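Note that these values count all heavy atoms, side chains included, but never hydrogens, waters or copies made by symmetry. Note that the coordinates shown come from a computational prediction; the quantities given were computed from them, not determined experimentally.
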Amino acid sequence: MSDVGSNTSDWERARKPEQIEARRESILTAARHLLDQGGVEEAGLSAIARTANLSKANIYRYFESREVVLMEILMSEMGEWARELAQALREITDKGNVSVVAQAMADTLESRKRYCCLLASFASVLERNLPPVSIKRYRADLRDCFIGLIDPLMTALPQLSKSQANEFLVMQAMFQIGIWAHANPSDSAAEVLNENEFSDLKMDFIERVRWHALILLLGLESVDQPRLRPLQ
């Protein structure tokens with residue numbers, strides 16, 4: 001694996017705010033590279049340090065932990081995805097068509113493997129070693145991101161109430177988290193799933209997301225408004 005970080009001597013001389021920001025970005029770039037190569041499991045702190053041409057001790061000068069590095073990437077990726085989805089929803093001309101909205105959800109996730117794998121690890125892995133103050137910040141960012149999608153969703157689907165739009169976004173996210181690992185199995189599991197006996201258990205992440213979004217929207221249209229506590 002080729003290193004993608006800055007030269008170590010350059011980092012040792014960095015003192016100015018813009019240089020510190022460059023250091024942080026180099027660490028984030030190294031982590032993104034590892035995520036793209038092998039997912040969260042490959043993006044350990046030692047691997048990030050090695051890829052960025054740093055020691056682990058130097059990384060702690062800019063990020064409290066490996067989890068914070070990955071959370072920063074997740075929040076950035078989430079913001080980019082949310083902006084893309086919001087724009088796609090606003091551009092829908094066939095208002096009220098749940099199939100078009102379900103397809104938009106799938107389409108905006110198709111090229112965002114990094115975001116999907118981090119979201120799938122949000123509660124089960126990344127939050128485990130974070131202090132409450134960090135969890136509060138990231139949870140607030142996540143909530144604000146989804147709140148920002150409610151109005152664009154209701155613009156595309158005027159038949160939905162705010163409560164129904166809220167519930168769709170929450171339940172879709174939960175589904176994505178749950179299905180990701182099944183659609184991206186380990187090498188050993190993938191070998192088994194390629195056998196004829198188990199081929200029917202293989203999962204296509206994007207197709208499952210689209211299908212679940214469609215079913216969920218049709219269901220929300222046909223039942224009373226959910227009484228769960230809303231995001232907003």
Side-chain angles (χ1 to χ4, degrees), residues 1-2 4 30-48 50-51 66-67 69-71 73-74 77-78 80-82 84-85 88-89 97-130 142 145-146 149 153 157 164 167-223 226 228:
M1 180 185 297
S2 60
V4 296
R32 292 187 191 102
H33 174 76
L34 291 165
L35 286 168
D36 292 346
Q37 294 297 310
V40 172
E41 294 79 7
E42 294 297 319
L45 197 63
S46 295
I48 293 172
R50 182 171 60 254
T51 305
R66 170 246 195 182
E67 287 76 18
V69 173
L70 298 183
M71 278 291 204
I73 295 173
L74 171 57
E77 295 285 334
M78 180 177 290
E80 291 179 6
W81 164 74
E84 181 183 355
L85 177 59
L89 292 172
N97 189 327
V98 293
S99 296
V100 176
V101 170
Q103 188 65 56
M105 175 67 77
D107 289 345
T108 57
L109 289 170
E110 188 162 15
S111 63
R112 297 192 177 276
K113 181 178 179 180
R114 192 187 298 158
Y115 163 66
C116 292
C117 79
L118 287 171
L119 180 66
S121 300
F122 179 84
S124 61
V125 177
L126 301 183
E127 279 191 332
R128 294 296 179 179
N129 293 320
L130 291 178
L142 183 149
C145 180
F146 280 89
L149 287 169
L153 179 59
L157 298 176
Q164 289 170 322
E167 187 65 8
F168 169 73
L169 292 168
V170 171
M171 294 306 294
Q172 245 291 294
M174 294 303 100
F175 178 81
Q176 292 166 26
I177 290 170
I179 198 67
W180 178 257
H182 294 281
N184 294 274
S186 66
D187 291 342
S188 296
E191 182 177 336
V192 171
L193 292 172
N194 282 330
E195 298 177 8
N196 289 335
E197 181 182 358
F198 299 101
S199 60
D200 58 329
L201 298 178
K202 293 175 70 173
M203 301 286 179
D204 183 303
F205 178 75
I206 295 302
E207 180 56 23
R208 292 282 177 167
V209 165
R210 185 197 67 79
W211 186 237
H212 177 266
L214 177 59
I215 294 172
L216 183 56
L217 288 169
L218 290 171
L220 285 169
E221 286 186 341
S222 63
V223 298
L228 300 178

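- The distance from the CD1 atom of I177 to the SG atom of C117 is 12.0 Å, given to the nearest 0.5 Å.
- The minimum heavy-atom distance between E67 and V125, with the atom names listed, is CG-O, 4.4 Å.
- By the side chain to side chain contact (heavy atoms under 4.5 Å, CB included) test, N184 pairs with W180, sequence neighbours left out.
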Please tabulate, for side-chain N and O atoms in residues 105-116, each donor-acceptor pair with protein atoms closer than 3.5 Å (sequence neighbours left out).
from: D107; atom 1: OD1; to: Q103; atom 2: NE2; distance (Å): 2.8
from: T108; atom 1: OG1; to: W81; atom 2: NE1; distance (Å): 3.1
from: T108; atom 1: OG1; to: A104; atom 2: O; distance (Å): 3.1
from: T108; atom 1: OG1; to: M105; atom 2: O; distance (Å): 3.0
from: R112; atom 1: NE; to: E84; atom 2: OE1; distance (Å): 3.0
from: R112; atom 1: NH2; to: E84; atom 2: OE1; distance (Å): 2.9
from: R114; atom 1: NE; to: D36; atom 2: OD1; distance (Å): 3.0
from: R114; atom 1: NH1; to: E77; atom 2: OE2; distance (Å): 2.7
from: R114; atom 1: NH2; to: D36; atom 2: OD2; distance (Å): 2.7

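- A search for side chain to side chain contact (heavy atoms under 4.5 Å, CB included) contacts involving S99 returns N97, L214, not counting sequence neighbours.
- With sequence neighbours excluded, the residues satisfying side chain to side chain contact (heavy atoms under 4.5 Å, CB included) with R208 are F175, I179, M203.
- Heavy-atom minimum distance, A82 versus L149: O-CD2, 3.4 Å.
- In this structure the side chain of H182 never reaches within 4.5 angstrom of the side chain of F205, judged on heavy atoms.
- A heavy-atom distance below 4.5 Å is found between the side chains of N194 and K202.
- For E191, the side-chain hydrogen bond (donor to acceptor under 3.5 Å, both in side chains) test picks out no residue, with sequence neighbours left out.
- Taken from CE in M174 to CG in L119, the straight-line distance is 7.0 Å, to the nearest 0.5 Å.
- The two residues L118 and L126 come nearest to each other via the heavy atoms O-CD1, 4.0 Å.
- For the residue pair V69 and A31, the shortest heavy atom distance occurs at CG1-CB, 3.7 Å.
- Counting only heavy atoms from C-beta outward, the side chains of L34 and Q37 never approach each other to under 4.5 Å.
- Within the 4.5 Å cutoff, the side chain of E127 has heavy atoms near those of the M71 side chain.
- For D187, there are no side-chain hydrogen bond (donor to acceptor under 3.5 Å, both in side chains) partners, not counting sequence neighbours.
- Rounding to the nearest 0.5 Å gives a distance of 8.0 Å between CG of L220 and CZ of F168.
- Proximity of R32 to T51: side-chain heavy atoms (C-beta onward) are nowhere separated by under 4.5 Å.
- Between I206 and D204, the closest heavy-atom pair is N-OD1, 3.2 Å.
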May I have the step-by-step check of side-chain contact (heavy atoms from CB on, under 4.5 Å) for R66 and V40, ending in yes or no? CA-CA 10 Å; R66 170 246 195 182; V40 172; 3.2 Å; yes

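- Taking 4.5 Å as the limit, every side-chain heavy atom of L74 sits out of range of all side-chain heavy atoms of L142.
- Atom CG of L70 and atom CD1 of I48 lie 5.5 Å apart (nearest 0.5 Å).
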